[in-house]
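Take a look at the structure set out below.
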Amino acid sequence: MSSELDALLKENRLFPPSEEFMENSNIQKWMERYGIQNYDELINRALEDREWFWDEFARELEWFQPYQDVLKWDPPHAKWFSRGKFNITHNALDRHVKTWRKNKVAYIWEGELGEVKKLTYHDLYRKVNQMANALRSLGVKKGDRVSIYLPMILELPIAMLACAKIGAVHSVVFSGFWAKAFQERANDAQVKIAITVDGFYRRGKVIPLKENVDKVLDEIPSLEKLIVVKHAKCSVEMKNGRDLWWDEIIQTQERECPTEIMDSEDPLFILYTSGTTGKPKGVVHVHGGYAVGIYTTLKLIFDLKDEDIWWCAADIGWVTGHSYIVYAPLILGATSVMYEGAPDYPEPDRLWQMIEDYGVTVFYTAPTTIRMFMKYGEKWPQKHDLTSLRLLGSVGEPINPEAWVWYHKHIGNRQCPVMDTWWQTETGMQLITPLPISPLKPGSTVKPFPTVEADVVDDNGESIREGGGHLVIKTPWPAMFRTLYKDPERYVDAYWSKFPGLYLSGDVARIDQDGYFWIQGREDDVLNVAGHRISTAEVESAIVSYDAVAEAAVVGKPDPVKGEEICSYVILKEGFKPSPRLKHLLRQHVREEIGPVASPAYIGFVGDLPKTRSGKIMRRVIKAKVKGDDVGDITTLANPEAVDELDNAL
Ligand code: PRX
């Protein structure tokens, strides 16, 4: 990237947390225990003795048999807490029911139609045990794979915890994926059992998941049984001998269940994620290190305490939900909110209403959601008392400074630090992130978590401080994935071979003069315009910072002279109309924000952009459209009609 661009991109606003907030934080208290004076000393101590740091937190969990080594690192293969005997469900539930937390609420669940259910740790423990016994009675053994294809209902964490309890490996498939995607994943994992639902609610409509999955079950040869949760009470066909109702199979089961004693390194789950090829990658996580990593990050970064009400408003079908809705909050003994439906249904204040109703104190969401609410305007959060909030989080994509500041001001009432946390399905836990003692810069994920060594390198693997480069991690961390399911070569090739010994994240980032990290997006979303490297995320951020703009997607359009031209699709906020003058003003704005080189050659105004059901813009589809290629499979889109709209927009 040119230094001109770099200079123009600097975001200089600094938001330090209040003294009181810092003093009361878990991290500050922890540092005091070891006589650590400040952030720099913390980082130095942790880097000097990585094993000391993780050993301290691992000891806060319960081991059936102590581990012998904290870390064994044979690049690119790590073993954490080896020879330790452990079970993540034991730490998430069994451990708490022996304490005062037994009757503490673990989950407050709200359905889209407004129904509320609360489960205490004891309730959850019993339900998990019953399901674990039911799975065992169906012949599920340690190491067997179970596919869980459920929406955001309580049976989803129950099923995951039940699998883990008996040592089965779960593979959750996001309920927004459709049947073919489920089939591909279930076949790759060779699942014995699958768990689904009759139907669930989305924007007031029933989505018939069982009917959908019925179309592909015959194509999954390894599948023996399908367990069906009754939720929407829509009519479904149950196949004799194969399909079983959840309620019926747990009825006769004991409420106690012996826990499978697992090795730290035994697999806990497979979660499929997209790579550069069309075939999803089965990312494998294990019991021990994963548990320690996610527990520690939630405790230190989000500062979770017993009195907090935690809401990670992600979907459990993605890694964010696995780590920070299911396992980490339960290991911490926290109370979590879980919501079934669309965030803006029936009105754009659903989330704010729920924060007020449940007194949520710590809230974690994605930039795309924040930008959607910016579009609706601050009148919606203003209707509600959000003063219970004390900390906010962001994850999943670069957050543009305007959205960060809006979130900080209108949701956090300028009082709540915003933790912009960078991590991936593969990393399992947050890796580059602020801590409650960090001064924040809007749009920056601040610095690597203690013990983590991250860097930005050029094509030769050399550290660079000017402009953007490959974001790499130089040292192992406990919640790192261990392999790709049935594809150990791809694990090495895709992540560890470009720069041997360094983990290649696939993201482009830069590090500023203060050592703060700025994630610019995926490598494949980086454009080369006349020799200048430009991140689509940065151009988007600039466009979105313009007053009239709600959302934007930027892709490269092939150009015979410049290589690529910048092409942007823009959604305007309510009350603004597309016009040639607005295009001109936008280009002017981007010039001012980044530089003339980043000014979009093409601007198309659209009402919507193609998005996955989790709200991520499907750049692959937009790119294909812009290049005139076939858009391929668009069955996972939430709004396929948005694809046609792109045609006439430019
Ligand atoms: O590009 C980065 C982006 O999301 C990618 C990982 O996606 P996934 O595996 O689906 O996990 C998402 C939730 C952890 C990364 O390679 N990403 C994630 N967090 C951030 C981010 N980009 C910028 N800032 C973040 N805070």
Side-chain angles (χ1 to χ4, degrees), residues 11 172 174 176-177 269-276 280-285 290 293-294 297-298 301-302 312-325 328 364-371 392-401 403-404 407 418-434 438 440-449 454 456 468 470-473 477 479-481 484 494-495 503-510 516-526 535-538 540-541 611-620 636:
E11 168 60 56
V172 177
F174 175 51
F177 283 135
F269 66 83
I270 305 168
L271 183 58
Y272 288 87
T273 188
S274 12
T276 44
K281 301 188 275 197
V283 169
V284 177
H285 283 284
Y290 175 75
I294 59 172
T297 44
L298 189 60
I301 299 166
F302 283 100
C312 169
D315 193 291
I316 294 174
W318 305 108
V319 75
T320 309
H322 278 56
S323 297
Y324 297 109
I325 301 177
Y364 192 26
T365 191
T368 183
T369 309
I370 299 164
R371 289 195 292 267
L392 297 172
S394 171
V395 63
E397 50 182 314
I399 180 165
N400 49 302
W404 193 104
Y407 192 35
V418 176
M419 302 291 161
D420 178 6
T421 58
W422 177 89
W423 58 294
Q424 306 175 299
T425 306
E426 293 87 340
T427 72
M429 64 186 238
Q430 297 145 343
L431 277 196
I432 304 178
T433 170
S438 314
L440 305 168
K441 296 186 189 184
S444 166
T445 58
V446 184
K447 294 184 182 185
F449 188 75
V456 171
H470 310 279
L471 175 64
V472 294
I473 312 291
W477 62 99
M480 66 193 279
F481 67 139
L484 294 178
Y495 299 102
Y503 168 74
L504 182 72
S505 71
D507 278 359
V508 175
R510 71 186 174 93
Y516 277 50
F517 283 66
W518 299 78
I519 313 294
Q520 298 175 335
R522 300 292 302 177
E523 303 234 22
D524 36 17
D525 284 336
V526 172
S535 151
T536 54
E538 284 176 349
E540 285 169 7
S541 172
K611 285 185 184 157
T612 62
R613 291 194 178 84
S614 66
K616 270 200 181 176
I617 295 172
M618 277 277 254
R619 265 161 237 288
R620 178 184 68 72
T636 57

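Counting starts at 1 for both ligands and their atoms, following the listed order.
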Main-chain N/O of Thr421 paired with Thr445 side-chain donor or acceptor, under 3.5 Å: no
Okay, side chain of His322, backbone of Ile316: is any donor-acceptor separation there less than 3.5 Å? yes
Purely on distance, is any nitrogen or oxygen of Thr445 under 3.5 Å from one on ligand 1? no
Could you tell me, atom by atom, which parts of ligand 1 come under 4.0 Å of a heavy atom of Pro398? 22 (N), 23 (C), 24 (N)
Shortest protein heavy-atom distance from atom 13 (C) of ligand 1, along with the residue and atom involved: Thr320 OG1, 3.4 Å
Would a distance-only check, ignoring hydrogens and angles, find a side-chain to backbone donor-acceptor pair under 3.5 Å from Ser438 to Leu440? no
Give the atoms of ligand 1, by number and element, whose distance to some non-hydrogen atom of Lys616 is under 4.0 Å. 7 (O), 10 (O)
Indicate yes or no: at least one non-hydrogen side-chain atom of Trp518 is less than 4.5 angstrom from one of Pro398. no
Just checking, any donor-acceptor pair under 3.5 angstrom between side chains of Tyr272 and Thr425? no
Any heavy-atom pair between the side chains of Thr365 and Ile370 that's under 4.5 Å? yes
Give the residue, atom name and distance (to 0.1 Å) of the protein heavy atom nearest atom 24 (N) of ligand 1. Glu397 O, 3.3 Å
Of Leu431, Thr433, Thr425, the residue with the heavy atom nearest atom 8 (P) of ligand 1 is Thr425
Give me the one residue out of Trp477, Tyr324, Phe449 that meets ring-ring contact (aromatic ring centres under 6.0 Å, His included) with Trp423. Tyr324
Quick test: of every protein heavy atom, which one is nearest to atom 2 (C) of ligand 1, and how far off is it to 0.1 Å? Asp507 OD2, 2.8 Å
Atoms in ligand 1 with a heavy atom of Ile519 nearer than 4.0 Å: 22 (N), 23 (C)
Which residue and non-hydrogen atom of the protein lie closest to atom 19 (N) of ligand 1, and at what distance in Å? Gly396 N, 3.1 Å
Could you tell me, atom by atom, which parts of ligand 1 come under 4.0 Å of a heavy atom of Val395? 13 (C), 14 (C), 19 (N)
Going by atom types alone, do Thr320 and Tyr364 pair a side-chain donor with an acceptor below 3.5 Å? no
Quick check: does any side chain N or O of Ser323 sit under 3.5 Å from a backbone N or O of Ile294, one acting as donor and the other as acceptor? no
At a 4.0 Å cut-off, with the gap strictly under it, does some heavy atom of Trp423 reach an atom of ligand 1? yes
Which atoms of ligand 1 have any heavy atom of Thr421 under 4.0 Å away? 19 (N), 20 (C), 25 (C), 26 (N)
Is it the case that ligand 1 has an N or O less than 3.5 angstrom from some N or O of Gln424? yes
